[in-house]
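A short write-up of the structure that comes next.
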Protein chains: 2
Amino acid sequence: MAKATRSVGKRDAVLAAAQDAFLELGYGAASMDAVAARAGVSKATIYAHFPGKSALFGAVIAARCERAFAGLDLPSVEAMDAPAALGLIARRILDLLLSPESLAMYKVVTGEAARMPEMAEAFHAAGPAAAKAAIVGALADLDRRGQLRVADPELASELLVGMLKGDIHLRHLLGLPDGGRDREQIVEAVVRVMLRAYAPGG
Amino acid sequence: MAKATRSVGKRDAVLAAAQDAFLELGYGAASMDAVAARAGVSKATIYAHFPGKSALFGAVIAARCERAFAGLDLPSVEAMDAPAALGLIARRILDLLLSPESLAMYKVVTGEAARMPEMAEAFHAAGPAAAKAAIVGALADLDRRGQLRVADPELASELLVGMLKGDIHLRHLLGLPDGGRDREQIVEAVVRVMLRAYAPGG
DNA sequence: GTCTATATACGGATAGAC
DNA sequence: GTCTATCCGTATATAGAC
């Protein structure tokens with residue numbers, strides 16, 4: 001939206017416009033003309049800053065990966081009991097999974113992964129793998145404090161995130177209605193299963 | 001691969017070639033020229049049988065949806081106890097989720113869902129929703145026979161499939177290595193969680 | 001560095017002969 | 001129904017002026 005100003009630098013304007021275009025339309029459908037128009041610059045300016053379309057796309061993904069999980073700090077669960085901690089984690093992850101940006105990234109990255117393997121790996125490392133590491137840390141902490149009995153935190157983390165995806169993640173990817181299930185309902189169900197499956201007295 | 005023969009009809013050859021091209025390359029990257037070349041026909045022949053590219057794509061998705069879950073018959077669990085039934089279901093679903101065709105469909109359909117909402121809905125109904133219905137039936141049967149205590153089979157089905165997706169589904173979508181976890185290990189873990197969470201004596 | 005204008009190629013779709 | 005040849009729009013990328 002913001003017209004390009006010389007102070008911020010047109011490179012940033014191009015990058016921001018490219019993020020919008022690629023994530024909204026997908027790699028193939030987002031033309032360089034569209035990016036130029038959104039950025040308020042000419043196509044030649046884009047090519048002055050980036051070697052080509054695929055390089056611009058790579059820069060977009062890299063930029064978003066950096067900020068991908070900035071808002072996800074889970075050390076705050078260290079004083080909570082298991083139900084509260086799991087509820088907090090579940091809510092955070094579910095909101096992240098269903099955020100428009102995450103959904104757009106999911107689509108565009110999986111769609112181009114075959115043609116850009118390095119980008120796919122970078123995305124996974126900076127996104128899902130980083131989130132998983134945070135969850136693993138939290139689960140290990142709950143185990144250490146006797147709140148849960150988690151022998152394999154990595155595996156438990158995968159199951160937890162998978163349950164949160166459930167059906168609703170795909171529905172959102174497809175642009176379909178939620179099917180009458182709201183997020184809090186899902187969080188409660190997932191927490192209940194986790195508490196039963198990883199109860200300390202088991 | 002197979003050259004078009006008049007006996008089978010060129011329409012089928014076009015459809016088969018289109019399936020290969022769209023699922024391998026994605027909708028945008030698969031050109032009509034590429035489809036024509038793979039089918040061994042001219043582009044004009046394609047347009048004699050299909051109104052245009054998007055209609056051809058729709059026909060491809062529809063055709064694959066019909067056969068999507070043909071191999072998934074779960075009534076066979078009706079004589080099994082809970083561990084055996086859950087193990088069978090989990091193995092079948094996981095193999096389906098990670099099959100190359102399913103992964104390709106997942107990518108291409110989510111990628112084009114925003115531009116083709118009807119197709120997205122048809123895919124969901126014929127694929128994931130149909131599979132879910134089969135699982136719900138099996139879980140309800142286990143509940144009826146006292147093998148499990150499942151108050152909400154729909155919800156339980158969503159959690160089950162989600163756990164199976166876990167991390168490995170995304171890894172496969174991205175073309176990354178499995179991360180050292182094999183399928184049987186995932187099946188065992190998921191079954192264990194399900195048995196604990198939905199134990200009849202709970 | 002940035003723009004206007006353009007080179008070059010490719011993709012979807014069609015005309016017309018057979 | 002099927003082919004060859006082609007129209008026409010659009011896409012990536014660049015040349016050259018300022």
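Per chain, numbering begins at 1; letters A, B, ... match sequence-line order.
Along DNA chain C, the nucleotide nearest B:A44 and the nucleotide nearest A:S42 are compared for position; the residue whose nucleotide lies closer to the 5' end is A:S42. Nearer to the 5' terminus of DNA chain C, by closest-nucleotide assignment, is the contact made by A:T45 (compared with the other of A:T45 and B:P51).
Contact annotation: side chain of A:K10 to base of C:dG1, donor-acceptor pair absent below 3.5 Å.
Of the listed nucleotides (C:dC3, C:dG12, D:dC3), C:dC3 has the atom at the smallest distance from the side chain of A:V41. Closest contact between the side chain of B:D33 and the listed nucleotides D:dA11, D:dA13, C:dG11 involves C:dG11.
Contact annotation for B:A30: backbone-only contact, meaning every heavy-atom pair under 4.0 Å involves sugar-phosphate atoms and none involves a base.
The NZ-C1' distance, from A:K53 to D:dT14, rounds to 17 Å in whole Å. Taking atom NZ of residue A:K43 and atom P of nucleotide C:dA5, one finds them 13 Å apart after rounding to whole Å. Rounded to whole Å, the distance from CG on A:D12 to P on C:dT2 is 11 Å. One interatomic measurement links the two molecules: OH of B:Y47 to P of C:dG12, which rounds to 6 Å at whole-angstrom precision. Residue B:I46 contributes atom CD1, which lies 9 Å from atom P of C:dG12 at whole-angstrom precision.
For the pair B:Y47 and B:G52, the tightest heavy-atom approach, listed with the atom from each and the gap, is CE2-CA, 3.9 Å.
In this structure, B:M163 and A:L160 have side chains that are not in contact, with every pair of non-hydrogen atoms separated by 4.5 Å or more. By the 4.5 Å heavy-atom criterion applied to side chains, A:R183 and A:L98 are counted as neighbours.
Scanning for side-chain contact (heavy atoms from CB on, under 4.5 Å) contacts around B:R181 gives A:D152, A:E154, A:L155, A:E158, B:Q185, B:I186, with sequence neighbours left out.
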